[in-house]
Engineer: 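Before anything else, here's the structure in question.
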Amino acid sequence: MTLGVELINNRDIVISSPESGFSVTYRKDGDAPMLVAIDGIGRVVDRAKVMFWAQAWKAAHEKARAVGWLSS
């Protein structure tokens, strides 16, 4: 699965999958060393979405570390 990773306004990380049309937005939670999904996580769950969410979280975490939001 190919993922798009975009940093928006140095506040949000948007992960998208052009193939599936899924996207999820993560935001750093203040001073806490964590990311919070603020959009794109819903109650309808199927295998494709779960696989996307798992890959999206990894991609968002890598981007957050790369821009200095999270330490190792």
Side-chain angles (χ1 to χ4, degrees):
M1 178 181 301
T2 303
L3 297 178
V5 179
E6 187 175 5
L7 182 63
I8 307 289
N9 297 324
N10 201 30
R11 176 179 169 177
D12 296 328
I13 298 173
V14 178
I15 310 296
S16 60
S17 169
E19 298 153 357
S20 68
F22 299 148
S23 69
V24 62
T25 303
Y26 292 93
R27 184 171 289 164
K28 184 167 180 334
D29 187 16
D31 292 330
M34 60 189 278
L35 297 176
V36 176
I38 61 167
D39 184 34
I41 302 289
R43 294 187 183 269
V44 177
V45 178
D46 61 35
R47 180 176 167 77
K49 258 192 185 169
V50 170
M51 296 298 291
F52 166 74
W53 290 334
Q55 292 179 344
W57 184 88
K58 290 176 186 177
H61 193 267
E62 286 177 20
K63 182 67 171 182
R65 287 183 55 197
V67 298
W69 290 3
L70 305 174
S71 57
S72 307

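Note that these values count all heavy atoms, side chains included, but never hydrogens, waters or copies made by symmetry.
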Engineer: Do any pairs count as a side chain to side chain donor-acceptor pair (under 3.5 Å) and have a residue in residues 7-16, sequence neighbours left out, and if so which ones?
Structural biologist: Asp12-Arg27
Engineer: Are Val36 and Leu70 linked, directly or through other ILVMFWY residues, by side chains that come within less than 4.5 angstrom of each other?
Structural biologist: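 Unlinked, Val36 and Leu70 end up in two clusters.
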Engineer: Which other residues belong to the hydrophobic cluster containing Val14, where Ile, Leu, Val, Met, Phe, Trp and Tyr are joined when side-chain heavy atoms lie under 4.5 Å apart, directly or via other members?
Structural biologist: Ile8
Engineer: Quick check for you: to the nearest 0.5 Å, what is the distance between Leu3 atom CG and Lys58 atom NZ?
Structural biologist: 11.0 Å
Engineer: Roughly how far, to the nearest 0.5 Å, is CD of Glu19 from OG1 of Thr2?
Structural biologist: 4.5 Å
Engineer: Quick one: CD1 on Ile38 to CD1 on Ile13, what's the gap to the nearest 0.5 Å?
Structural biologist: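 These two atoms lie 10.5 Å from each other.
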Engineer: Test of understanding: clusters of I, L, V, M, F, W, Y form through side-chain heavy atoms closer than 4.5 Å, transitively. Do Met34 and Val67 belong to the same one?
Structural biologist: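 Different clusters.
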Engineer: Please evaluate residues Trp57 and Val24 with respect to the criterion side-chain contact (heavy atoms from CB on, under 4.5 Å), reporting the C-alpha separation (whole Å), side-chain torsions for both, the decisive distance (0.1 Å), and the verdict.
Structural biologist: CA-CA 9 Å; Trp57 184 88; Val24 62; over 6 Å; no
Engineer: Give me the atom names and distance for the closest heavy-atom approach of Tyr26 to Ala60.
Structural biologist: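 It is CD1-CB, 3.4 Å.
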Engineer: Closest approach of Ala59 and Val5, non-hydrogen atoms and distance?
Structural biologist: CB-CG2, 4.1 Å
Engineer: Please identify each residue that fulfils side-chain hydrogen bond (donor to acceptor under 3.5 Å, both in side chains) with Ser17, with sequence neighbours left out.
Structural biologist: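 Ser17 satisfies side-chain hydrogen bond (donor to acceptor under 3.5 Å, both in side chains) with Ser20 only.
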